[in-house]
Amino acid sequence: MTTQDERQNKLIRPSHYITMDDIIREGNPTLRGVAERVALPLSNVDILLGEKMIQFLRNSQDPVMAEKLELRAGVGLAAPQLDISKRIIALLVPSEPKFDEEGNEIPSKEDYALNTVMYNARIISHSVEEAAIATGEGCLSVDREVPGYVVRHARVTIEYYDKNSEKKKIRLKGFHSMVPQHEIDHTDGIMFYDHIDPENPWKMREGMQIID
Ligand code: NB4
Ligand code: NI
């Protein structure tokens with residue numbers, strides 16, 4: 001038996017890299033629980049966990065590190081996936097690759113559209129319009145494919161605390177809004193397939209934006 005504090009202390013050790021072994025899977029009740037808000041100002045352990053989560057995402061997107069550590073690629077991670085039932089989410093979304101006049105990709109390493117740890121994030125307003133990623137979604141806590149449109153809000157305004165315990169507000173649309181919605185859901189015990197129509201997974205809904 002281990003306590004949550006013990007697990008968190010292990011995850012934040014300087015020598016520890018988060019791997020797939022640290023990520024709990026479907027069936028673990030923590031994934032269906034509502035996570036606790038973190039105390040403010042943030043404790044060092046909560047700041048360090050956020051940094052470790054970003055490090056995991058960076059490694060997961062790096063072909064060399066991902067192969068070495070046997071990581072599945074991710075653009076987001078939520079603390080409950082580490083069996084830490086706290087409202088901490090990490091987002092690391094690379095920028096769209098840029099191209100020169102000849103159509104060659106201009107290499108831009110370490111260039112992110114979103115690179116944030118959000119504490120106590122909540123959606124304070126959202127569009128009526130819906131959106132879904134064209135290919136559906138996957139989850140690092142789900143070892144199977146669940147096909148279908150994951151119907152989400154097209155635009156969201158999120159209020160959260162950053163790593164300096166400062167209150168922030170951000171408006172996101174398109175793909176950039178899908179990632180925090182998936183992660184905030186984890187802090188509320190919601191899985192992506194809860195948003196898929198079980199009758200007709202690829203049913204088009206009126207006005208729904210398809211993101212590709
Ligand atoms: C969270 C996402 C599922 C849908 C869309 C996508 C990937 C995840 C889960 C919305 C949020 C993780 C956390 C990807 C990925 C595109 C960018 C950059 C270079 C590879 C990477 C691949 F990995 N989902 N995985 N799933 N989750 N795009 N990309 N690419 O991130 O379970 O709760 O490196
Ligand atoms: Ni997930």
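As the structure lists them, so they are numbered: ligands from 1, and atoms in each ligand from 1.
Asp188 approaches Arg87 most closely through the heavy-atom pair OD1-NH2, 2.9 Å. Of all heavy-atom pairs spanning Tyr119 and Asp162, the tightest one is CD1-O, 3.8 Å. Nearest heavy-atom pair across Tyr149 and Met208 is CD1-CE, 3.7 Å.
Note on residues 33-44: pairs passing side chain to side chain donor-acceptor pair (under 3.5 Å), not counting sequence neighbours, are Ser43-Asp46.
Annotation: protein N, O or S atoms under 2.8 Å of the Ni ion (ligand 2) (waters excluded) comprise Cys139 SG, His182 NE2, His186 NE2.
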Anything under 3.5 Å between a donor and an acceptor, one on a side chain of residues 68-78, the other on a protein residue two or more places apart or in another chain? List them.
from	atom 1	to	atom 2	distance (Å)
Arg72	NH1	Cys139	O	3.1
Arg72	NH1	Val142	O	3.3
Arg72	NH2	Cys139	O	3.3

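Around atom CD of Glu6, more than 12 heavy atoms belonging to other residues, nucleotides or ligands sit under 6.0 Å away. Surrounding CZ of Arg205 are at most 12 heavy atoms belonging to other residues, nucleotides or ligands under 6.0 Å away. Under a cut-off of 6.0 angstrom, the local environment of OH in Tyr112 is crowded, with over 12 non-hydrogen atoms contributed by other residues, nucleotides or ligands.
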Measure from every N or O atom of ligand 1 to the protein's N or O atoms and keep only the pairs below 3.5 Å, writing each with atom names and distance to 0.1 Å.
from	atom 1	to	atom 2	distance (Å)
ligand 1	25 (N)	Ala73	O	3.2
ligand 1	31 (O)	Val75	N	2.7
ligand 1	32 (O)	Gln81	NE2	3.3
ligand 1	32 (O)	Leu140	N	2.8
ligand 1	32 (O)	His182	NE2	3.4
ligand 1	33 (O)	Gln81	OE1	2.8
ligand 1	33 (O)	Gln81	NE2	3.3
ligand 1	33 (O)	His182	NE2	3.1
ligand 1	33 (O)	Glu183	OE1	2.7
ligand 1	33 (O)	Glu183	OE2	3.2
ligand 1	33 (O)	His186	NE2	2.9

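The backbone N or O of Gln81 sits nowhere less than 3.5 Å from a side-chain atom of Ser141 that would complete a donor-acceptor pair.
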